[in-house]
Amino acid sequence: MERPCPVVGCLLTSLTLAGGCGAQSEGGLDSLSDLQRDTFFLEAIRGDGFICAAVMTTQRITDDGRSWRVSCTDPAAYLVTVEDGRAVEVTPTPYTEPLPVPDRNPRSLPPPD
């Protein structure tokens, strides 16, 4: 359901005013810290009446950074889209386990042949 989100809107506005790092700024949601972004998504999901105990993973799914896949600790996942930094749309999606992030540490790679 797309709607203006007062809590999320206030968060975006306060972040923009505080440091220019809200969704309307040049960096969008990518410019937020992990904690700020998780809080943003958690408030948006709960504000739409959906259940999410805590945000487990987030994945940006569009190049412009407006749409994100959010997985919660209780098997639930949502597509969250921010339009013009004001309206937030939350859509439940099928839950799947997030793909593991490959370890890029050279010490964990096998030695070359």
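Each residue takes its place number in the sequence, starting with 1.
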### Pairwise distance SG(C72) to CD1(I51) - rounded to 0.5 angstrom
10.0 Å
### Point-to-point distance, once rounded to the nearest 0.5 Å, from OG of S71 to CE of M56
5.0 Å
### Backbone of S33 reached by a side-chain donor or acceptor of Q36 within 3.5 Å
yes
#### Entry: Side-chain heavy atoms of E83 within contact of E89, under 4.5 Å
no
### Query
What distance separates T58 OG1 from L42 CG, expressed to the nearest 0.5 Å?
12.0 Å
### Message
Let me confirm one number: the CD-CD1 distance from Q59 to I61, rounded to the nearest 0.5 Å.
### Response
7.5 Å
### Task
Start with the C-alpha distance between L79 and V90, add both sets of side-chain angles, then the distance that settles side-chain contact (heavy atoms from CB on, under 4.5 Å), and finish with yes or no.
CA-CA 6 Å; L79 172 66; V90 177; over 6 Å; no
### Message
Using 0.5 Å steps for rounding, measure from the CG atom of L29 to the CZ atom of R60.
### Response
10.0 Å
#### Entry: Residue pairs fulfilling ring-ring contact (aromatic ring centres under 6.0 Å, His included) with at least one residue in residues 55-83, sequence neighbours excluded
F41-W68, F50-Y78
### Query
Of the non-hydrogen atoms in C52 and D74, which two are nearest, and what is the gap between them?
CA-OD1, 3.8 Å
### Message
Quick check on D64: does its CG atom have over 12 non-hydrogen neighbours (other residues, nucleotides or ligands) under 6.0 Å away?
### Response
yes
### Query
When rounded to the nearest 0.5 angstrom, what distance separates OG1 in T91 from CZ in R69?
12.5 Å
### Task
List in chain and number order the residues that pass salt bridge (charged side-chain N to carboxylate O under 4.0 Å, His left out) with D34, two or more places apart in sequence or in another chain; answer none if no residue qualifies.
R37
### Message
For T81, give me all partners under side chain to side chain donor-acceptor pair (under 3.5 Å), at least two apart in sequence or on another chain.
### Response
S67
